[in-house]
Asker: 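What follows is a single structure, and I will ask about it in a moment.
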2 protein chains.
Amino acid sequence: MPVWFWLVPIASVMALGAAYYFFSVMMKESEGTETMARIALHVRNGAIAYLKQQYKVVGIVLASLTALFCVLAYVFHVQNPWVPFAFLTGGLFSGLAGFIGMRTATYASARTANAARHSLNKGLNVAFRSGAVMGLTVVGLGLLDIAIWFFVLTSFYDIEESQQVVVITTTMLTFGMGAAVQSLFARVGGGIFTKAADVGADLVGKIEAGIPEDDPRNPATIADNVGDNVGDVAGMGADLYESYVGVILASAALGAAAYYTSGTDVQLLAVIAPMVIGALGALLSVVGVFFVRTKEGATQKDLLGSLGRGVNGSGVLIAVLSLALLWAMGVPNMWGIWLALVIGLLTGIAIGQAAEYFTSESYKPTKTIASASKTGPATVIIAGIGSGMLSVAVPVIAVVLGTSLAYFFGSGFVYSTDTMNLGLYGIGMAAVGMLSTLGITLATDAYGPIADNAGGNAEMSGLPPEVRQRTDALDSLGNTTAATGKGFAIGSAALTGMALLASYIEEVKIGISHVLERGSDFIFPDGTSLAAGAIDELQSLNLMEMMTYFEVVLINPKVIVSMFTGAMLAFAFSGITMNAVGRAAGQMVDEVRRQFREIPGIMSGETDPDYARCVSISTKAAQREMMMPAILALAAPVIIGLIFGVPGVLGLLIGAMVTGFSLSMFQANSGGAWDNAKKYIEQGNHGGKGSEAHKAAVIGDTVGDPFKDTSGPGLNILVKLMSMESIVIAGVTVAVHLV
Amino acid sequence: MPVWFWLVPIASVMALGAAYYFFSVMMKESEGTETMARIALHVRNGAIAYLKQQYKVVGIVLASLTALFCVLAYVFHVQNPWVPFAFLTGGLFSGLAGFIGMRTATYASARTANAARHSLNKGLNVAFRSGAVMGLTVVGLGLLDIAIWFFVLTSFYDIEESQQVVVITTTMLTFGMGAAVQSLFARVGGGIFTKAADVGADLVGKIEAGIPEDDPRNPATIADNVGDNVGDVAGMGADLYESYVGVILASAALGAAAYYTSGTDVQLLAVIAPMVIGALGALLSVVGVFFVRTKEGATQKDLLGSLGRGVNGSGVLIAVLSLALLWAMGVPNMWGIWLALVIGLLTGIAIGQAAEYFTSESYKPTKTIASASKTGPATVIIAGIGSGMLSVAVPVIAVVLGTSLAYFFGSGFVYSTDTMNLGLYGIGMAAVGMLSTLGITLATDAYGPIADNAGGNAEMSGLPPEVRQRTDALDSLGNTTAATGKGFAIGSAALTGMALLASYIEEVKIGISHVLERGSDFIFPDGTSLAAGAIDELQSLNLMEMMTYFEVVLINPKVIVSMFTGAMLAFAFSGITMNAVGRAAGQMVDEVRRQFREIPGIMSGETDPDYARCVSISTKAAQREMMMPAILALAAPVIIGLIFGVPGVLGLLIGAMVTGFSLSMFQANSGGAWDNAKKYIEQGNHGGKGSEAHKAAVIGDTVGDPFKDTSGPGLNILVKLMSMESIVIAGVTVAVHLV
C-alpha cells in the first residue's frame with residue numbers, strides 16, 4: 001500500500017473532528033426565548049418522527065436486497081461475495097450522514113435566529129458552521145467508508161494478484177448502490193414530504209386565508225419547516241454522499257483498468273489518486289470554513305462575497321496543492337491528470353455560474369419572468385418553462401467541453417479511442433476535481449435551509465422585524481448558493497455517469513470470467529467466442545472490443561429501443577413524483593381547511609393548531625408515494641437486462657442519463673427562477689407584495705417547488721441508482737444470457 | 001421498372017382528383033349571410049397575408065441552401081449533382097400542400113357554419129370533406145413527387161447498374177430536407193403565430209375584459225382564427241407531407257440496401273413496395289371518406305363513431321388488401337413484411353388510444369386535472385405536467401414493442417444483427433403501415449380547425465345558439481382526433497428516425513466511394529483502411545461493420561457528448577419557441593389593451609376594432625422569432641459533424657430523437673389534457689363556467705397552448721430536419737474529415 005493512502009483515513013478523521021467541533025460550538029449557543037426553543041423542539045420532533053418512519057421502510061428494502069444479493073452470491077455464485085456487505089455499509093453510512101446533518105440543522109435553527117438578534121455576522125456564523133457540520137460529515141464518512149473497505153479488501157480478499165486491484169475497486173463500487181437506495185428514499189421521499197407541506201401551507205395559508213408565510217396559526221407550517229430539514233438537509237446529504245463516494249470509486253476503478261498493464265505499483269497510485277485528492281479537498285474545506293465571516297451591516301453582495309471567499313479559496317488551494325501532491329506521489333501522466341482535475345473544477349464553476357445567471361433576480365431571465373407576471377399566471381408559467389428549457393444549453397455545453405478536454409488530457413494529450421481507458425480516467429478525475437471541495441460547497445448548500453428555518457422560527461416566535469430581515473438576507477443568499485450547489489450535483493452526476501459506463505464493462509468482464517472459470521465457453525452476441533478458462537484473452541480485450549463484440553453500436557435496435565426507454569423513464573419518474581406532490585398537497589389542503597373549520601380559536605391565536613397531524617399526513621404520503629418510483633428505478637435495469645442484455649442496459653443508462661441531465665437542469669432552473677421572480681416582486685417591483693403580479697408570481701413559485709426540490713433532484717438519483725444497480729447485477733445479466 | 005410502379009402515379013392522380021372534387025362540391029355551398037362571408041374574408045385575407053410573408057422568408061432560405069448545394073455539387077464535387085433540384089422540389093411541394101389545405105379551410109369555415117344552420121350532419125359533411133381535401137392533397141402530391149423523381153432518375157441518371165438503385169433512393173431522400181425546411185417554417189412559424197394570437201386574445205378578452213371567446217369586439221379574434229388556419233392547417237399539412245414522403249423514401253432506400261445482393265429485380269420490388277403500399281392507402285383513404293356520415297341528433301359518441309368508421313374502415317381494408325398486393329407483386333419475405341406493416345398500423349393505433357386516454361375528459365387523468373383546479377392554478381399546472389410526463393410511458397412502450405417486432409418480422413423471423421438491413425427495412429415498412437392511411441387520418445385532423453373556425457364565424461356573425469352548439473360538438477370532437485393525429489405523427493417520426501439512421505450510413509458510404517473514386521485511400525477512425533478504388537470492398541461492408549469502423553459505440557466520448565448535445569437541443573428548441581410565444585403574446589396583449597383604450601366604441605360594438613394590426617403583429621413576431629430555432633436546427637448537424645465526424649452526427653441525431661420523442665409527447669398530452677379539463681368544467685363540473693375552478697382551468701389551457709401547438713410539434717420537425725440534413729451533408733462530413 002503506498003504511504004499516501006494513509007492521508008485518506010487521516011483526512012477523514014480530521015473532517016469528522018472538525019464537524020464535531022463546529023457542532024459542539026453551535027450547541028453552546030442559546031436557543032433564545034422559551035417559545036423559540038419550543039418551536040424548534042416541534043420541528044425537531046417532527047423531523048425525527050419522519051426519519052424514523054423512513055428508515056424503517058429503507059431498512060426493509062436494504063435488508064431484502066442484501067438477502068437477495070446473498071442468495072445470488074452464495075447460492076447461485078453469480079455475484080461477488082463481498083457485494084452484500086459493501087452494499088449494506090453504503091446504505092448505512094449514507095443514512096448516517098443525512099441523519100447527522102439533519103439533527104444539526106434542527107438544533108441550529110433557533111440558535112441562528114437567536115444569534116441574528118445580536119448581529120448579522122453572528123447569524124451567518126452559526127448558520128454557516130452548522131451547514132459545515134453536514135458538509136464535513138458527508139466527506140468524512142465517505143472517506144472513512146472508502147478507507148476501511150480498501151484496507152480490508154487489499155488485506156483479506158484472496159484473489160490472484162494481477163486481478164486484485166481491478167476486482168477490488170469494482171467491488172467497492174457496489175456500495176454506491178446501497179448509498180443510492182438510501183438517497184432515493186431520502187431525497188425523493190423527503191422531497192415529496194417537504195413540497196406537499198410547502199405547497200399545502202401556501203395554498204391555504206397565503207392564498208385563501210391571507211396569513212403570511214410561517215404564521216403559527218397555519219397548521220401546516222411546522223410540517224413545512226420539518227420538510228426543509230428532511231428534504232433539503234437529510235435528503236441532500238444522502239444524495240451527495242452517494243455522488244461523492246461514487247465519483248471517487250468510479251475513478252479508482254477506471255485507474256485500475258487504465259493502468260492494468262503498467263505494473264501493480266503504478267496501478268495502485270492511479271487507484272489511490274482520486275482518494276487522496278478527495279482527502280486533500282476535505283482538509284482544505286475545513287480551512288475554507290474559517291474564511292467565511294462578514295461584518296455587521298453587510299449587504300447581500302458582501303454576504304455572497306464572504307461565502308465565495310470560502311468556496312473559491314478552497315478551490316484555488318486545491319488547484320495549486322493537488323499539482324504538488326500528484327508530483328510528490330509520482331502519479332503517471334501527472335500534467336494530464338492535473339489539467340483534468342482543474343477542468344473539472346472549472347466545469348463545475350461554469351455550471352454553477354449558469355445556474356446563478358438563470359435563477360438570480362439580478363439577471364435578465366428572472367427579470368423577464370417577473371415582468372411576465374403583469375399579464376397573469378399563465379405567462380409567468382410559460383416564461384419560466386421557456387427560460388428553464390433554454391437554460392440547459394450552457395451546462396450541457398460546459399459538460400461537453402469539460403468531458404472532451406478531460407478525455408484529451410487524461411489520455412495523454414491525444415483524442416483517440418486507442419487510449420480510451422486513460423481518457424475515461426481523465427473524465428473520472430475531472431469529476432473528482434469538481435467534487436473535491438464538496439465539504440465546503442455542501443456547507444453553503446445546507447446552510448440555506450437552516451437560515452430558512454431560522455426565519456420561520458423568528459416569525460413564529462414573534463421576534464422583532466429586524467431579526468426576520470437578517471434571517472431573510474441569509475435565506476435569500478441560500479437560494480443562490482442552492483442553485484449553484486445543484487449545478488455541481490447534476491454536473492458531477494453526468495461526468496460520473498460516463499465513468500460508470502466503463503466500470504459496468506469491467507464488471508461485465510468479471511461476470512464473463514466467472515463463466516470461463518466454471519468451465520463454459522462464452523459466446524458474444526456478434527459471434528466472437530472465448531474458450532473456457534481463457535481469462536488472459538478476456539483481460540486483454542479493451543473497451544472498444546468489448547463494445548463491438550456486444551454490438552453496443554448506435555444502430556442496434558436493442559440499443560435504440562432501450563435508449564427510448566431510458567429517456568421515457570426520466571419523464572415518467574418526474575411525472576410520478578410531480579403527481580405525488582400534487583396529491584399529497586391536496587390532502588394537506590383538505591386537512592388545513594378542516595382544522596380552520598373545526599378547531600375554534602385558531603385564527604384568533606387562542607388555540608394551537610394540530611401541527612402533528614399535518615406532519616403525519618406528509619410522512620404517510622411520502623412513504624406511500626415513494627413505492628412506485630422506487631420500483632420503477634429498481635426494476636428497469638433488471639427487466640431491460642433480461643430482455644436485451646448488455647446492449648440494452650447500456651442504452652437504458654445512456655438514454656436516462658442524457659435526457660435526465662437536461663430534464664433535471666430545466667426543472668432546477670425553472671423552479672429557482674420562479675422563486676426569485678417572486679422575491680423580486682416582493683422587493684417592490686411590478687406592484688410589490690399583494691399586487692396581481694405578486695399573486696401570479698406566487699403561483700409560479702408554487703409550481704416550481706416540486707420542480708426544483710422533488711422531481712429535478714430525483715432524476716439525478718434515478719440515473720445514479722440505475723447505473724449502480726446495473727454494475728451490481730452485471731454478473732447476473734451476463735449469466736442469464738448464456739442460458 | 002416493375003409494372004406495379006404505375007399504381008403510384010395512378011393513385012396520386014386519383015387522390016388529387018378526389019381532392020379537387022371535394023373542393024368544388026364544398027365551394028358550391030353558400031357562405032351564408034353577408035356578415036358570415038365578410039368575416040370569412042377577413043380571416044382568409046389575414047391567412048394569405050401571413051403565408052405570403054412566410055413564403056418570402058422560406059423562399060430566401062430555400063434559394064440560399066440550393067445555391068450552397070450547387071456549389072458543393074458542381075464546384076467541390078462533394079455533393080450528389082441531383083441534390084439541389086430534389087431539395088428544391090421537396091420544399092415547393094410541401095409548401096403547395098400546406099397552401100391548398102389552408103386555402104380550402106378558409107373557404108370552408110363560413111360554409112360549415114352555414115351548413116350547421118341546417119343540420120349537424122350537413123355541418124359534419126362540409127367540414128370533414130374540406131379536411132379530406134388537405135389529406136388527399138398531401139398524399140397525392142407526395143406520391144406525385146416520388147413517382148416523377150423515381151421515373152426521371154431511373155431513366156436518366158447515368159450510373160453503374162449495381163449501384164443504381166441504392167444511389168437513386170438515397171438521392172431521393174434529400175428532397176425530404178427541402179420539405180423539412182418548409183415544414184419548420186410552416187409548423188413552428190405558424191405555431192408561434194397562432195398561439196401568440198390565441199394566448200393574447202384569451203388573456204385580455206376572456207380574463208380582463210370578460211367577453212367570450214371569438215367575440216367580434218376583441219381585436220385579436222381574427223388573428224386567432226387566422227392562426228388556426230396557418231398553424232393547424234398549413235403547418236400540419238407541410239409537416240405531414242414531409243413525414244409521408246420521408247417514411248416512403250426511407251423504406252425504399254432501406255429496401256435497396258437490404259436486397260442489394262438479391263439481384264436488381266428483387267431489389268426493385270423491395271424499393272417500390274413502400275410506394276405501392278402508399279398508393280393503395282391513398283386509394284383506400286378516398287373510399288374511407290365516403291364512410292363518414294352521421295344522422296341528425298347524433299351524440300358526441302355517434303360523431304366519434306362515424307369518423308372512426310372512416311379511419312378504421314380504411315385501416316382494415318389496407319391490412320387485408322396489402323397482403324394480397326404484396327403476394328401479387330411477389331415481394332420477398334412477404335409474410336414478414338406484411339406483419340411489419342400491420343404492427344405499424346397497430347402501434348399507431350396504440351399511440352393514438354393512449355393519447356386519447358390521457359387527453360379526453362372521459363378518462364381519469366383529465367378528470368384529475370379538472371379536479372385539481374379546485375385548489376387553484378398552481379395545482380392544475382402541477383397535475384397537468386405530472387400527467388403529461390407520465391403519459392409518455394405508453395407510447396414509448398408501444399414504439400419499443402412495435403420496433404422490436406417489426407425488426408423481428410422484417411429480418412425473416414429472427415432477432416439478429418446479421419440481418420440488420422432486413423430488420424431495419426421491416427421497421428421502415430411498419431412506419432409505412434402507420435402512415436399508409438394518412439389521407440383519411442389527416443382529414444380527421446384538418447377537420448378540427450375548420451370546425452373551430454366555423455364556431456368562431458358563428459359567434460362573430462351572431463348566429464343563433466344552436467348553431468354554435470353544433471359547431472362546438474364538431475370542434476370538441478376535433479380535439480380528440482387532433483390528439484390521435486399527433487400521436488400518429490410523433491410515432492411515425494420515431495420509426496422513420498431509426499430507418500433514416502441506416503440511410504445516413506448508406507449516404508456516408510456513397511461519400512466514401514467518391515473519395516475512393518478520386519484515387520485517395522480512406523482510413524476509418526479505428527484504423528481500418530480502404531485502398532483507392534476499392535468500391536467493391538466498401539459495398540460489401542455491412543451496417544455493423546460501418547458502425548464499428550467509425551467507432552459509433554456507446555462508450556466513445558464523441559458519441560456520448562453529441563448525445564448530450566442532441567438532448568439539450570430538444571430542450572433548448574422547446575424553450576426558444578415557448579419564449580417566442582410568450583413574447584409575441586405579450587405584444588398582442590399590449591396591442592389589444594391599446595385598442596380598447598384608444599379606439600372609442602369598441603366595447604359597445606359601434607366601431608370595428610383594427611383586426612389587421614393584430615394579424616400583422618403576429619405575422620412579424622412569427623417571422624422574427626423563427627430565426628433562432630431555424631439557425632439552431634440547421635447549424636447543429638454541421639457543427640457537430642465538423643468537430644466529431646460520423647460518430648458525433650449519429651449521437652446527435654439519436655440524442656435528439658429519444659429525448660424529442662418523450663418531450664413532444666409530454667407537451668402534446670399535457671396541452672390536450674388542460675384544454676379538455678377546461679371543457680369538462682365548462683360542462684358544469686366543479687362549479688362550471690365563471691367559477692374559480694374554471695378560471696384556474698383557463699390558465700392551464702393557456703399554458704397548454706404553446707405546449708401542444710408550437711413547441712411539441714416543433715420538436716418533431718427539429719428531429720426530422722436534422723436527420724435529413726445530416727443525410728444531405730454526409731458526403732461533406734466524410735470529405736472534411738479526410739483533410
Side-chain angles (χ1 to χ4, degrees), chain A residues 203 207 372 375-379 381-383 385-386 389-390 392-393 396 399-400 403-404 407 417 423 498 501-502 543-544 547-548 551-557 559-561 563-565 567-568 571-572 574-576 578-579 581-582 586 589 650 654-655 658-659 661-662 666 699 702-703 706, chain B residues 203 207 372 375-379 381-383 385-386 389-390 392-393 396 399-400 403-404 407 417 423 498 501-502 543-544 547-548 551-557 559-561 563-565 567-568 571-572 574-576 578-579 581-582 586 589 650 654-655 658-659 661-662 666 699 702-703 706:
Chain A
L203 283 175
I207 300 178
T375 39
T379 40
I381 304 284
I382 291 175
I385 290 177
M389 285 184 166
L390 187 53
V392 306
V396 166
V399 164
V400 167
T403 313
S404 303
Y407 184 89
T417 45
M498 292 188 223
L501 296 177
L543 281 173
M544 287 298 289
M547 298 299 266
T548 317
E551 301 184 321
V552 194
V553 300
L554 275 189
I555 199 114
N556 188 344
V559 171
I560 298 183
V561 298
M563 279 173 45
F564 269 101
T565 309
M568 175 273 275
F571 277 90
S574 264
I576 291 172
M578 290 287 287
N579 280 341
V581 171
V589 167
L650 284 165
I654 294 199
V658 299
T659 305
F661 183 83
S662 281
F666 146 54
I699 289 167
T702 309
V703 172
Chain B
L203 283 175
I207 300 179
T375 40
T379 40
I381 304 285
I382 292 176
I385 290 177
M389 285 184 166
L390 187 54
V392 306
V396 167
V399 164
V400 167
T403 312
S404 303
Y407 185 89
T417 46
M498 293 188 224
L501 297 177
L543 281 174
M544 288 298 290
M547 297 300 265
T548 46
E551 301 183 322
V552 195
V553 300
L554 276 189
I555 198 110
N556 187 345
V559 171
I560 298 182
V561 299
M563 279 173 46
F564 269 100
T565 309
M568 174 273 275
F571 276 91
S574 265
I576 291 173
M578 290 288 287
N579 280 341
V581 171
V589 167
L650 284 164
I654 293 198
V658 300
T659 304
F661 183 82
S662 281
F666 146 54
I699 290 167
T702 309
V703 173

Asker: Is it the side chain or the backbone of A/Ala393 that comes within 4.5 Å of chain B heavy atoms, both, or neither?
Answerer: both

Asker: Which one wins on heavy-atom pair count under 4.5 Å against chain B: A/Thr565, A/Val552, A/Val658, A/Thr548?
Answerer: A/Val658

Asker: Pick one of side chain, backbone, both or neither for B/Thr379, based on which atoms fall under 4.5 Å of a heavy atom in chain A.
Answerer: side chain

Asker: Non-hydrogen atoms of chain A under 4.5 Å away: do they reach the side chain of B/Thr659, the backbone, both or neither?
Answerer: both

Asker: With a 4.5 angstrom heavy-atom cut-off, which part of B/Phe564 approaches chain A: side chain, backbone, both or neither?
Answerer: both

Asker: By a 4.5 Å heavy-atom criterion (distance strictly below it), what part of A/Met498 contacts chain B: side chain, backbone, both, or neither?
Answerer: side chain

Asker: Which atoms of B/Pro706 come close to chain A, meaning under 4.5 Å heavy atom to heavy atom: side chain ones, backbone ones, both, or neither?
Answerer: side chain

Asker: For A/Phe666, is it the side chain, the backbone, both, or neither that has a heavy atom closer than 4.5 Å to a heavy atom of chain B?
Answerer: side chain

Asker: Sort B/Val703 into side chain, backbone, both or neither according to what part of it lies under 4.5 angstrom from a heavy atom of chain A.
Answerer: both

Asker: Under a 4.5 Å cutoff for heavy-atom pairs, which residue among B/Ala378, B/Ser404, B/Ala383 has the most contacts with chain A?
Answerer: B/Ala378

Asker: Count the heavy-atom pairs under 4.5 Å between each of A/Gly586, A/Ser574, A/Ser662 and chain B, then report the option with the highest count.
Answerer: A/Ser662

Asker: Which of the residues A/Leu390, A/Ile555, A/Thr403 is involved in the greatest number of heavy-atom pairs with chain B at under 4.5 angstrom?
Answerer: A/Ile555

Asker: Name the one of B/Val561, B/Val559, B/Ile560 that satisfies side chain to side chain contact (heavy atoms under 4.5 Å, CB included) with B/Met563?
Answerer: B/Val559

Asker: Looking at A/Ile654, A/Leu554, A/Ile576, which makes the most heavy-atom pairs under 4.5 Å with chain B?
Answerer: A/Leu554

Asker: Shortest non-hydrogen contact from A/Met578 to B/Gly386?
Answerer: CB-CA, 3.7 Å

